[in-house]
Protein chains: 2
Amino acid sequence: MEEKCLLILTDKITKNSYKLTGPRLAILDYLAHEKGHHDIMDIYEKIRLKNESIGMATIYRTIDLFLELGIVRVLTLKNSQPCFEINWPDDHHHHLVCTECGHIIEFGSCNFKLIVGEIEKVTCFRVEEHTLEAYGLCPKCAQSRDVYSTEKM
Amino acid sequence: MEEKCLLILTDKITKNSYKLTGPRLAILDYLAHEKGHHDIMDIYEKIRLKNESIGMATIYRTIDLFLELGIVRVLTLKNSQPCFEINWPDDHHHHLVCTECGHIIEFGSCNFKLIVGEIEKVTCFRVEEHTLEAYGLCPKCAQSRDVYSTEKM
DNA sequence: CTGACTGCAAAGATTTTGCAACATA
DNA sequence: TATGTTGCAAAATCTTTGCAGTCAG
């Protein structure tokens, strides 16, 4: 299943007559198989460790290309470098960022259609894409904060 | 009215025993009175033009302070530098970014409460803040695109 | 074979830091 | 007056560019 999805992504490269090169596959492979959100430095270091020699410039150029082709999505959160994640087909989701521990939870079911309707009616803006990030406390941090305040009483 | 709001903001500076200095007032004044979203360079250049000498370092330090005090909000959009805007009391809004002309429309009435409830129920995450950006076509660009496709038929 | 692609190193941009001079409370 | 704050210049980061060698199609 995941392999089938990967094929869709590599197809985007070849169908647009870009070449399927070592560095491109290495970056795609890393992002596809490592959970989480990775910044440029992550990608660089992890691929270096795994064996292959790759330059920072190539990472920047490849990520630009992948963004253009819709192979990856960028996540720009407050107080951090831009991170990247695979743009799996039909995987629309948002991010809940814990301000305490930095943990990022993905939230899939998005009822944003309701809001889009409202926006389009009120502003005549034609929404094609959207990003939504919520900041707050993840379950673990929320709980320990509650315990802490109870103790203080 | 706006002056009263400004007072609330300068109060945040003094109440936290920070000093009300020339550069801080200049930046606050610029952001408060110039419409739109301004990046570091904007702020630097516009204040320089107006007369006063100010250093980039001061802008960075002041914006950091303002963010910390909740005097400004940061807007990190795709393909652009972080921009800043005054965080007026009770002015919660989101941004509709035209991918054609770059125009940014602010959208006030946010029905996000519906979604927050859903998120908190499903994930046990405690949402304290959120940002939402929609990308698409502003009314003007949407219209000219429609005209264009009609002409082609 | 050939043009797209790469790694490297150098250039360019952006952001942070150290410090002496200054200005606010 | 005393300490927080500033501008400047230098340092540290981050990103882009130029180019000769390489490799996928």
Side-chain angles (χ1 to χ4, degrees), chain A residues 6-7 9-30 37-69 71-72 74-84, chain B residues 7 9-31 37-69 71-72 74-84:
Chain A
L6 256 184
L7 201 58
L9 298 180
T10 52
D11 266 5
K12 287 192 182 182
I13 298 177
T14 51
K15 290 277 171 58
N16 287 280
S17 27
Y18 291 108
K19 294 182 177 176
L20 216 51
T21 66
R24 286 177 184 165
L25 285 172
I27 294 172
L28 192 55
D29 178 76
Y30 173 65
H37 304 82
H38 309 283
D39 64 18
I40 295 284
M41 210 32 146
D42 275 344
I43 300 171
Y44 177 73
E45 286 173 348
K46 296 295 164 42
I47 291 180
R48 282 257 154 170
L49 282 180
K50 258 182 189 158
N51 56 56
E52 325 177 46
S53 85
I54 195 173
M56 287 293 292
T58 302
I59 314 264
Y60 281 104
R61 286 183 284 222
T62 304
I63 289 291
D64 277 355
L65 178 68
F66 283 7
L67 283 171
E68 197 183 305
L69 297 178
I71 291 173
V72 304
V74 61
L75 181 58
T76 43
L77 301 175
K78 299 184 183 184
N79 310 315
S80 71
Q81 294 293 103
C83 290
F84 305 91
Chain B
L7 202 56
L9 298 180
T10 52
D11 267 4
K12 288 193 182 184
I13 298 177
T14 51
K15 289 278 170 59
N16 286 280
S17 25
Y18 291 107
K19 294 181 177 175
L20 216 50
T21 65
R24 286 177 185 164
L25 285 172
I27 294 171
L28 192 54
D29 179 75
Y30 173 64
L31 291 177
H37 304 82
H38 310 282
D39 64 18
I40 295 284
M41 210 33 148
D42 274 345
I43 300 171
Y44 176 73
E45 285 172 349
K46 297 292 165 44
I47 292 180
R48 281 258 153 171
L49 283 179
K50 258 183 189 156
N51 55 56
E52 326 180 44
S53 85
I54 194 172
M56 286 294 292
T58 301
I59 314 264
Y60 281 105
R61 285 183 286 222
T62 304
I63 289 292
D64 276 355
L65 178 69
F66 283 6
L67 282 170
E68 198 183 305
L69 296 178
I71 291 173
V72 304
V74 60
L75 181 59
T76 42
L77 301 175
K78 299 183 183 188
N79 311 317
S80 72
Q81 293 294 101
C83 288
F84 304 92

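Letters go in sequence order (proteins before strands), and every chain restarts at 1.
Taking CE from B:M41 and CD1 from B:I59, the interatomic distance works out to 9.5 Å, rounded to the nearest 0.5 Å. In this structure, the separation between OG1 on A:T58 and CD1 on A:I43 is 12.0 Å, given to the nearest 0.5 Å. Note that CG of A:L9 and CG of A:L69 are 10.0 Å apart. Values are rounded to the nearest 0.5 Å. With rounding to the nearest 0.5 angstrom, the CD1 atom of B:I63 is 12.5 Å from the CD atom of B:E68. In this structure, A:F84 CZ and A:I27 CD1 are separated by 10.5 Å, a value rounded to the nearest 0.5 Å. Here the straight-line distance linking atom OG1 of B:T76 with atom CG of A:L77 works out to 7.5 Å at 0.5 Å rounding.
Across the protein-nucleic acid pair, B:I54 atom CD1 and C:dA23 atom P stand 14 Å apart, rounded to whole Å. Nucleotide D:dT5 holds its C1' atom 13 Å from the CZ atom of B:F66, rounded to whole Å. Atom CG in A:L25 sits about 14 Å away from atom C1' in C:dT6, given to the nearest Å. Here the P atom of nucleotide D:dT5 and the CD1 atom of B:I59 are 16 Å apart, to the nearest Å. With rounding to whole Å, B:N16 atom CG is found 19 Å from C:dT24 atom P. B:E45 places its CD atom 14 Å from the C1' atom of C:dT14, with the value rounded to the nearest Å.
Nearest heavy-atom pair, B:I54 versus B:Y44, reported as atom, atom and distance to 0.1 Å: O-CE1, 3.1 Å.
Rounded to 10°, the angle separating the first-five-pair axis and the last-five-pair axis of the helix from C:dC1-D:dG25 to C:dA25-D:dT1 equals 50°.
In this structure, B:Y30 places its OH atom where more than 12 heavy-atom neighbours from other residues, nucleotides or ligands lie under 6.0 Å away. The environment of CG in B:N79 is sparse: at most 12 heavy-atom neighbours from other residues, nucleotides or ligands sit within 6.0 Å.
Regarding contacts with the backbone of C:dT15, a side-chain N or O of B:Q81 is found under 4.0 angstrom from either OP1 or OP2.
The listed nucleotides are D:dG7, C:dT6, D:dT6; the one nearest the side chain of B:S53 is D:dG7.
The residue among B:I40 and A:Y44 whose nearest nucleotide of DNA chain C lies closer to the 5′ end is A:Y44.
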Protein-to-nucleotide contact annotation, 5' to 3' order, nucleotides 16-25 of chain D [B base; S sugar-phosphate only; - none; under 4.0 Å, heavy atom] = BBB-----BS
